[in-house]
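Notes follow once the structure below has been shown.
Per chain, numbering begins at 1; letters A, B, ... match sequence-line order.
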Amino acid sequence: MKAGELLRIRVAFGALGLVPVFLAGWLGWLQVLQAGTIDRRDGTPVPLSAVTADRQGWRTEAIPAPRGTIVDRNGATLASDRATYEVRASIGAPRKVRQDLTLFRPWVARLVNRLGLALVADPDMEGRDVLFEKHKKRLTAAANRAWRINELPAVGVWPTTHRRTADFLVSVGVDRLAVIHALRAYDMSAAYPTLSMQFMHGFRRVYPDRELTHGIVGHLNSFRTNLPSGGVKLETVGVVGLESFVALEPQAGGKRRFLADGLSRPYFAALVENAPEGAVLHSTLDLELQRAAVRELTAKCEEGLHNRKGEYAKWGALTLVEIATGDVLAAASWHRGDAPAQARPFAPYQNLFEPGSIVKPLVLSYALEVGALDWAKEYDCNPGHATYREVIRSLGRRKAVRDDHNCGLLTPHGIIVNSSNIGAAFIGLQLTRPQWQDYMLGYGFGQSLGLNLPGESRGGNHHRSFAADINIRSFRANSAISFSFGYEMTATVMQVARAYMRMFRGLGAELRLVKALELNGEWCDVPVKLDTGPRYRPEVVNAIREAMADVVSNDSHATGRFVHQQMLKETGVDLQGLVGGKTGTAVSPVRLLDGSKATMRNASFVGFLPADNPRWLAVCVLQSDVVSRFYGGRYAAPPAVKLLLQCQKQLERQSMHQASQLRSGGQTRHAPSGVDLRSPGSSGWSASVGTGVSRDTR
Amino acid sequence: MSDRSQLLANQRLRVLRNVDGWLVLIIAALCLAGLLFIGSATIDDAVFGAQQGRQSLFVIVGLGVGFFVVLPHYVHIMRASWFLYGVAVLALMGLPFFAPSINGARRWYAFPGFSIQPSEFAKIAVVLALAALLRFKSRAKTFEGLIVPMLIAAVPALLILKQPDLGSSLVFAPVLLAMCYAAGASARSIMILLAIAAGVMVFAYFYLLHDYQVVRVEMWGHHWNWDDSNLHTHEVREMIRGKGFQPWQALIAMGSGGWSGHGLGLGPQNRYDFLPYRSEDYLFAVVGEEGGFLGCLLILGLIAALVIGLINIAGRTRERFGKLVCVGVAAWLGSQSLFHVAVCGWLIPSTGLPLPLLSYGGSSTLAMLLALAICINIGARREPILSGDGFR
């Protein structure tokens, strides 16, 4: 080449070479000297740093904060927030199927099939076949919408204006590991290089023992509310049971942060930030006893479904209370019919019934305490004798007071054992109207339990019972006599349990459903109302207790003889001296929702164990509308007694376990000296953590 | 095989000994870097995930075809120059009628399993045609002699502009200027050419560009006034979300790279899809984000070394066609690379141009590898000038 030509080339490319030199200099200035900022003019430099790059990838989205956890008294979870994923898929139609549309639809069908299979990948899933078909149908519809498949020709090549990539929801609330793994496998699969899945973090409320705790733990309802600003907000509230407690409501909406791409598609759900920690609500329930309560109640209520007589209940309720603390250890509910569990009332708390004879010990204890009753006096309970005519019939009562059998002369002790209505009426007539009012108030009939559960039924006496215009004679003839054996008033099972607890512990005692609350790491005890209110004299309580202990005996007139014999026969356990109680049978005409009238028969039983030093109290009620001979001793007593015996077994097991640990010198939390493991107020749980010892709540 | 055929075969293979090894090494390094960054830009991507594998195939095919292009004497290529040019122009003319519309442009002929972008092959055809024309010394001496070369470049450039593909059509200007100047055009002629090019650009801005291209130019002009205080104003945010999204995200990617970048596959702009078409028109932004300043220098250095290598071949080639082809390819490679880098830094209005040998694209890669193979062929010959006008 000539020198001139070479010079020309070098000049040309030398000039061109200035451009990359300039670019390199500019890059050095931008990336190194300015360290990620760019000064466009005199104003604040524009940040072009990694922070800017990261920052625009973050998105924050409000999500329902975790509600928290509900545990039983042993720490077993009753309700909790389970981490779930909302799975979205982004799928590009591969080139192969785009070039031959006859392949596209089968390809979509295979894809949907495989995604459907992934969603039922957990072998422990129930009804996988049905679920698979359901998922397949939904995914097919989603894929059709996303790709607008109906607008695609059946043959030929993919129209250039038609969208190639489909984004659709695969599933919400995915929480099974096997399913997540299966979906992730497809996400990474070489068979689907155009498939990409996003997993969005969220929560779902789960109830590990749903069937056992439906009523008492409750459930959540979600509904949309219109905001003043015009938007719509999805609100979730607990509508029944412990779930309705304010403490479980998130203080503020949680937030989740996730990385979003340039098209605002979420890529990765980050951990929840700034979401308030869910509270831990320590309930008084004992899951094991709850299981026993549900099992026994259900078995008894459904017993009639399988026998020829068709003697089965309309509803049933069973509750177990620890007397020393008022802790509700179990509360079971049963209803006839196919209504979903969420639609059924929680019977121990919401179903009212006329308690019948199970209030007689309460009436007698009150009368004895106020001096209206001589415990040694004998009452002539023969309905044909003069006493009945002079005391009851002379009042002009329209409806006769009857007993099952002619009881003859009875002491108050005998009145309880024989469950004599006439005897109870004699004693009830000893009480004045203000005393009856005081009785109702003291035992809490017609008053809230204070558990703050929604939908509580309060019951109580008839609204005209204590009306001022009712003269005293009429009151005595009707209300006073009816109250004596549990008529003209209604109560719930839990109210009856509270009334008996008050008799044993004092008239200020209350039931407790929550032991403590952990909120933001702080432990807040719910105090036990110990020794509150006036207490009955020990001799009064002992007299009633001994009478009730004799109810569950082999005495020929004892109303609890059936359950005594049944338990002896079935389990070999002699209940005499072990379990005390009182049976009740009431027949009540009620008006139904459709306006018709029906006669309901309530079989009820109140029992406690041990008989000499009551620690647990069980109340059971079964109501029937079809059975004529529906007795408390036969229907309500067996479930309650079996539940009480379960308590005893559990205590023995815990004692043996602790004793073996102490002997072996193993790691255990020792009960502090002076605590009697078998004494009331020292339940298995409280003994295990050490009463009076500061607890580490974390 | 006859003795003559054996002799020819041996001669062809002997050419391989003269191949510039450094040049091949640089080409291989650029292709490898391209594959790495394409892989990083498309990893886990639902739509573009297969690009790395496809680009590998393009590179292998390009190198294979290039090998066979190196073997025969380039005189055969010179003789086919006008035919190739004609085919290229016809292919460009057929695009509005036969090419499917993709993203509003008709640039690709679709075939089962692959597609061809004629504008990339038109670049090499124009280089060959210009070299074939300008190899006559008298052609470039006067401005009148440059009119035909201008037309040769303008016809495909206008056809490409109509697709529309503004970036590719712009590449023809520096190629024409460099080849004319190297062919002996006077400084005056070059100045007139530059003035004409400027006039055409002004005319094009007002009358030929599409609306979205005008908006890109306006956005580019506007963004010089942005700072952190007005970045959050409604007007600027709308721009960033709209037409300014792509160049703004590229600028953030470049700026966030620092000295050594975030690391391959770890750049947030790349990883989280803030850069659309980053494996093609914005690959250098991925280099800047994940390789940092050092990565950018390395890539720019390799491209500069390749351009210098081509200039050296041109410098030592006494035959004018070969010399001009090398100059043309060097101008094409250099100018397209610089356009691409400038677009990624938003130093010029955004327009779609692949980074030669690095960006994803079968046609682009094949065309560039073929052009480089021709240059290597020229460099391996060192033919004497047999006559005043080169080969006869």
Worksheet item: Between the side chains of A/R184 and A/H181, is a donor N or O closer than 3.5 angstrom to an acceptor N or O?
Response: no

Practice prompt. Go through the atoms of B/L338 and report whether side chain, backbone, both or neither lie under 4.5 Å from a heavy atom of chain A.
Written response: both

Discussion item. Is B/F284 in contact with chain A via its backbone, its side chain, both, or neither, using a 4.5 Å heavy-atom distance?
Written reply: side chain

Worksheet entry | Set of side-chain hydrogen bond (donor to acceptor under 3.5 Å, both in side chains) partners for A/T102, sequence neighbours left out | A/D100

Worksheet item: Can you name the residues that form a side-chain hydrogen bond (donor to acceptor under 3.5 Å, both in side chains) with A/R95, not counting sequence neighbours?
Response: none

Worksheet item: So which part of A/Y192 gets closer than 4.5 Å to some heavy atom of chain B, the side chain, the backbone, both or neither?
Response: neither

Discussion item. Let's test your reading of the structure: which of B/G258, B/A110, B/A330 forms the most heavy-atom pairs below 4.5 Å with chain A?
Written reply: B/G258

Worksheet item: Of all of B/A304, B/G184, B/A178, which one pairs up most often with chain A through heavy atoms under 4.5 Å apart?
Response: B/G184

Worksheet entry | A/W147 ring center near A/W107 ring center (under 6.0 Å) | yes

Worksheet item: When rounded to the nearest 0.5 angstrom, what distance separates CZ in A/R98 from CG in A/L103?
Response: 12.5 Å

